[in-house]
Amino acid sequence: MNRRTRFARSQRMTIAAGILFIVLLLIILQLWLFTATVNAFLGGDTAILWPAALVSLVCLGLNLGLLWYLYALER
Amino acid sequence: MINQESEQLTVAPDGRAPDEQPRWRQDFPIDWPQDEYVARREFIKFLLLTSVAFTVGQFWLLVQNFWRQQAAPQAQLITRVDEIPVGGSLIFHYPAESPARLLVRVDEETFVAYEQQCTHLTCPVLPAVEKGELHCPCHDGIFDLLTGRPLAGPPQRPLARVTLTVRDGQIFATGMERRTT
């Protein structure tokens, strides 16, 4: 049996608002991470570069997943 | 169960019934809830570009770090000791074609050298040997002459230090030391 959950438009609007909020939080985290990494890099501290890049990549993955979910709601 | 019909209703921003709306809106009805939904979705999509940009920036720093490690400088002769008077300074490039470095003779025995770019907005810093300071004239940033650490003004990070070796009356630059504190 193939049952799909379908949300009303008003519900999708609420979900979109929630996703927008989470995406904004993740981007603010990425902004902070990037400025902190640049500061460390310019100061010669390179140990943080790989972990910061991986965390930023994970944030991007989460954002992409959320956008994919938003488009999936409309199908 | 969702009422598909209600999904298609157009609700104007002021919430009034369609026949109470201005004529232009009756003639050109817009599905406002759908319009707002699509605008929000497109905004999220646009924000993703920002997220991509930050991620690319992080990996760009990794590439920069790789290049920096590949170009580790060798020892380089700067000048002779007797060519700089006490309190005097000299601009040099180490490694060659890099941004300017500043060599300062503090006293008979003490030489210090730093990257000349202020760590705030890369204006060139100028030595004030009598005060024991390096001064950035752009925004009144002040660094300690002996350590390169910021004392006042907007700079937060110390100046990158050029490590020096004095041998046979000659001054050599032997490396760069970048610091966060």
Side-chain angles (χ1 to χ4, degrees), chain A residues 5-74, chain B residues 1-11 31-66 68-69 115 117 119-120 122 148-149 155-161 175-181:
Chain A
T5 307
R6 178 156 160 73
F7 293 100
R9 190 159 61 181
S10 60
Q11 289 174 311
R12 280 193 278 128
M13 192 67 176
T14 309
I15 292 170
I19 287 176
L20 177 61
F21 179 71
I22 296 169
V23 167
L24 275 172
L25 279 182
L26 287 169
I27 286 175
I28 290 168
L29 173 70
Q30 282 186 297
L31 171 64
W32 171 81
L33 195 62
F34 185 63
T35 51
T37 311
V38 168
N39 190 50
F41 173 72
L42 291 176
D45 180 5
T46 56
I48 199 69
L49 292 182
W50 269 109
L54 292 178
V55 169
S56 195
L57 196 61
V58 168
C59 288
L60 175 62
L62 284 172
N63 283 337
L64 282 171
L66 287 168
L67 185 66
W68 175 85
Y69 176 72
L70 198 60
Y71 274 101
L73 284 180
E74 297 166 24
Chain B
M1 184 70 186
I2 295 163
N3 181 355
Q4 294 294 331
E5 215 165 90
S6 71
E7 290 271 85
Q8 305 306 320
L9 282 180
T10 292
V11 181
D31 192 356
W32 289 105
Q34 183 64 14
D35 183 72
E36 285 174 14
Y37 175 77
V38 171
R40 198 163 291 190
R41 189 191 64 199
E42 292 303 301
F43 183 49
I44 292 172
K45 198 157 68 168
F46 173 75
L47 284 178
L48 239 72
L49 290 177
T50 318
S51 185
V52 169
F54 284 133
T55 308
V56 169
Q58 293 281 5
F59 281 89
W60 175 78
L61 287 178
L62 278 170
V63 173
Q64 288 284 315
N65 185 48
F66 175 75
R68 187 192 273 180
Q69 286 173 347
E115 194 168 58
Q117 294 173 310
T119 55
H120 176 223
T122 70
R149 293 200 163 82
Q156 299 291 310
R157 229 177 24 255
L159 294 168
R161 183 160 45 201
M176 292 293 297
E177 184 185 324
R178 297 175 198 280
R179 303 157 291 168
T180 50
T181 56

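Keep in mind that this is a model prediction, so the values were computed, not measured. Residue numbering restarts at 1 for every chain, and letters A, B, ... go by the order of the sequence lines.
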Testing the basics here: between [X] and [Y], what is the closest heavy-atom pair and its distance to 0.1 Å?
X	Y	value
A/I27	B/S51	CG1-CB, 4.2 Å
B/L48	A/L60	O-CD1, 4.4 Å
A/A53	B/Q58	CA-CB, 3.8 Å
A/L42	B/R68	CA-NH2, 4.4 Å
B/R40	A/A17	NH1-CB, 3.1 Å

Pairing residues for A/D45 by the side chain to side chain contact (heavy atoms under 4.5 Å, CB included) criterion, not counting sequence neighbours: A/A40, A/A47, B/T180

B/Q156: side chain to side chain contact (heavy atoms under 4.5 Å, CB included) partners, not counting sequence neighbours: none

Which portion of [X] sits near chain B, non-hydrogen atoms under 4.5 angstrom:
X	answer
A/L66	neither
A/L26	neither
A/V38	both

Can you find a heavy atom in the side chain of [X] that is under 4.5 Å from one in the side chain of [Y]?
X	Y	answer
A/L24	B/L47	yes
B/N65	A/F41	yes
B/T55	A/Q30	yes

Point-to-point distance, once rounded to the nearest 0.5 Å, from CG of A/L49 to CH2 of B/W60: 11.0 Å

B/I44 side, atom CD1; A/N63 side, atom CG - distance, nearest 0.5 Å: 9.5 Å

More than 12 heavy atoms of other groups within 6.0 Å of A/Y71 OH: yes

Under 4.5 Å, counting heavy-atom pairs only, tell me which of [options] racks up the most with chain B.
options	value
A/I19, A/V23, A/T37, A/V55	A/T37
A/S56, A/G44, A/A16, A/A52	A/S56
A/L31, A/T46, A/L57	A/L31

Chain A contacts, top residue of B/R41, B/K45, B/Q69, B/E177 (heavy-atom pairs, under 4.5 Å): B/R41

Aromatic ring pairing B/F59/A/W50, orientation class (parallel under 30°, perpendicular over 60°, tilted between): perpendicular

Trace of the side-chain contact (heavy atoms from CB on, under 4.5 Å) decision for B/Y37 with A/L70: CA-CA 11 Å; B/Y37 175 77; A/L70 198 60; 3.8 Å; yes

